Amino acid sequence: MVGPSRPQFVLFGSSIVQLCFSHGGWGSILSDIYSRKADILLRGYYGWNSRRAVQVLDQVFPKDAPVQPALVIVYFGGNDSMGPHSSGLGPHVPLDEYMENMRKIATHLKSLSDTTRILFMSCPPVDEIRVSSGTSEFFSEVVRTNELCQIYSNACIKLCQELGVTVVDLFSAFQKRDGWTTACFTDGIHLSEEGSKIVVEEILKVLREAEWVPSLHWKSMPTEFSEDSPYDLVAADGKQTLNPSEWTFHREVHWD
């Protein structure tokens with residue numbers, strides 16, 4: 001481990017999490033926004049469902065760890081909501097079990113520390129045309145519909161309201177964008193850069209509005225090594241230096 005220690009934000013979930021540093025993904029955007037403020041840790045597992053997540057909770061989030069995360073962002077549901085396979089194999093998890101698994105995840109994370117904050121993200125929609133038309137010699141038929149996505153999204157939101165866990169409604173957020181079916185996905189399921197921007201916008205909105213102490217919104221968090229230095233770039237007047245620790249001009253999007 002390197003120092004100084006920073007608050008840890010852990011991204012925990014299935015492929016939408018594992019791939020969040022690809023294609024201008026939301027994990028990479030958060031890492032840029034929170035540079036010199038927090039460490040973004042990736043714990044994403046391609047193809048996983050909530051059933052597998054529950055099996056590894058103690059390994060990924062040990063209760064006796066010397067440092068506990070400041071924030072855990074959790075996403076499971078897309079794979080759970082897939083139609084069941086006739087063989088009984090595959091990622092499908094019945095809705096009641098999905099809700100119970102998500103309850104177990106929330107309960108475990110709440111037990112880590114009094115200062116660990118939790119943010120769940122609900123199941124986003126999919127581009128049904130691309131999903132249904134996509135074929136592969138390696139996989140059996142994929143049954144993924146927006147009807148199922150919405151059912152699991154609503155269940156996640158309802159559970160979070162019951163437990164007092166902050167939740168982002170990705171199913172609704174994506175559909176507010178014109179042309180979302182083509183713009184937000186690389187393959188009809190996984191997120192494009194445009195889709196990831198929606199995720200970041202929703203996450204930052206939650207962090208900005210949450211009454212958490214300390215605040216985890218990037219503008220409210222201290223910047224590491226932010227003190228002025230005579231070794232910074234010299235200003236045009238040649239008499240002072242300019243502190244670049246808060247500069248954000250390089251960003252394509254100026255996040256609020």
Side-chain angles (χ1 to χ4, degrees), residues 1-13 16-44 65-75 113-119 121 166 168 170 173-174 176-180 183-184 186 191-256:
M1 181 174 178
V2 297
S5 61
R6 301 175 180 176
Q8 295 182 354
F9 291 6
V10 183
L11 315 181
F12 180 51
I16 281 179
V17 175
Q18 180 175 332
L19 302 180
C20 73
F21 280 80
S22 302
H23 305 289
W26 59 277
S28 61
I29 297 172
L30 287 177
S31 289
D32 176 44
I33 293 172
Y34 280 89
S35 61
R36 298 177 68 166
K37 295 178 181 287
D39 287 333
I40 309 297
L41 306 182
L42 185 61
R43 296 295 183 270
V67 177
Q68 295 293 358
L71 174 68
V72 183
I73 299 177
V74 180
Y75 168 72
S113 80
D114 292 337
T115 57
T116 296
R117 310 303 181 187
I118 308 167
L119 171 59
M121 299 195 301
T166 305
V168 169
L170 288 184
F174 274 49
K176 294 176 183 177
R177 200 249 192 230
D178 291 339
W180 63 270
C184 293
T186 59
L191 304 185
S192 65
E193 183 173 359
E194 191 64 30
S196 282
K197 287 177 181 177
I198 294 174
V199 174
V200 172
E201 184 177 359
E202 294 297 318
I203 290 173
L204 292 182
K205 179 181 178 182
V206 167
L207 298 182
R208 184 172 61 250
E209 296 177 354
E211 297 180 355
W212 292 337
V213 179
S215 172
L216 298 180
H217 186 256
W218 69 279
K219 288 186 177 180
S220 300
M221 296 179 68
T223 299
E224 189 176 276
F225 299 131
S226 61
E227 64 274 6
D228 293 338
S229 169
Y231 306 118
D232 288 335
L233 296 171
V234 180
D237 61 11
K239 298 178 181 179
Q240 60 185 338
T241 57
L242 300 175
N243 186 330
S245 62
E246 301 285 355
W247 289 358
T248 60
F249 64 87
H250 65 283
R251 293 176 184 159
E252 178 186 359
V253 178
H254 292 279
W255 301 99
D256 191 10

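Counting from 1, the numbers follow the sequence of the chain as shown. Owing to the predicted nature of the structure, the values given are computational and were not obtained by experimental measurement.
Atom CG in Asp114 sits 11.0 Å away from atom CD in Gln68 (nearest 0.5 Å). One finds the NZ atom of Lys219 at 10.5 Å from the CD1 atom of Ile33 (value rounded to the nearest 0.5 Å). To the nearest 0.5 Å, atom CD1 of residue Ile198 and atom CD1 of residue Ile203 are 12.0 Å apart. Atom CG of Leu30 and atom CG of Leu42 lie 11.0 Å apart (nearest 0.5 Å). Note that the CG atom of Asn243 and the OG atom of Ser229 stand 8.5 Å from one another [nearest 0.5 Å]. Atom CD1 of Ile73 sits about 5.5 Å away from atom CH2 of Trp26, to the nearest 0.5 Å.
Side-chain contact check for Tyr34 versus Pro7: every heavy-atom pair is 4.5 Å or farther apart. Residues Ile29 and Val253 are not in side-chain contact: their nearest non-hydrogen atoms beyond the backbone lie 4.5 Å or more apart. Here the side chains of Val67 and Ser5 are not in contact, with every heavy-atom distance at 4.5 Å or above. Annotation: side chain of Pro69 is not in contact with side chain of Leu41 (no heavy-atom distance under 4.5 Å). Using a 4.5 Å cut-off on side-chain heavy atoms (C-beta onward), Val199 and Leu170 make contact. Within the 4.5 Å cutoff, side-chain heavy atoms of Thr248 are placed close to those of Trp218. Side-chain contact check for Trp212 versus Leu71: some heavy-atom pair is nearer than 4.5 Å. In this structure, Met121 and Glu202 have side chains that are not in contact, with every pair of non-hydrogen atoms separated by 4.5 Å or more.
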Exercise. Can you list the steps and then say if Lys197 with Glu252 is a salt bridge (charged side-chain N to carboxylate O under 4.0 Å, His left out)?
Worked result: CA-CA 11 Å; Lys197 287 177 181 177; Glu252 178 186 359; 3.4 Å; yes

Exercise. Would Phe174 and Leu191 satisfy side-chain contact (heavy atoms from CB on, under 4.5 Å), going step by step from the backbone distance to the final call?
Worked result: CA-CA 11 Å; Phe174 274 49; Leu191 304 185; 3.6 Å; yes

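Within the 3.5 Å criterion, the main-chain N or O of Ala183 finds a donor-acceptor partner in the side chain of Ser192. Checked by atom type and distance alone, the side chain of Asp232 never pairs as donor or acceptor with a backbone atom of Pro244 at under 3.5 Å. Using a distance-only test at 3.5 Å, with no hydrogens or angles considered, no donor-acceptor pair links the side chain of Thr241 to the main chain of Leu233. In this structure, the side chain of Ser28 does not engage the main chain of Phe21 through any donor-acceptor pair within 3.5 Å. Proximity of a side-chain donor or acceptor of Arg251 to a complementary backbone N or O of Asp32 within less than 3.5 Å is detected. Formation of a donor-acceptor pair under 3.5 Å by the Thr223 side chain with backbone atoms of Arg36 is not found in this model. In terms of modelled atom types and a separation under 3.5 Å, the side chain of His217 and the main chain of Asp256 share a donor-acceptor contact.
The environment of CG in Asp237 is crowded: more than 12 heavy-atom neighbours from other residues, nucleotides or ligands sit within 6.0 Å. Heavy atoms of other residues, nucleotides or ligands lying less than 6.0 angstrom from CD of Glu201 number 12 at most.
Shown here for Leu11 and Gly27, the closest heavy-atom pair between the two residues is CD1-CA, 4.1 Å. The shortest non-hydrogen separation linking Ala70 to Phe9 is CB-CE1, 4.2 Å. Residues Cys184 and Arg177 approach most closely at SG-CD, 4.4 Å, considering heavy atoms. Closest of all the heavy-atom pairs between Met221 and Ala38 is CE-CB, 4.2 Å.
Checking each of Val17, Val74, Val10 against Arg43 for a side-chain contact (heavy atoms from CB on, under 4.5 Å) leaves exactly one that passes, namely Val10.
Residues passing the side-chain contact (heavy atoms from CB on, under 4.5 Å) test with Pro214: none are found, sequence neighbours excluded.
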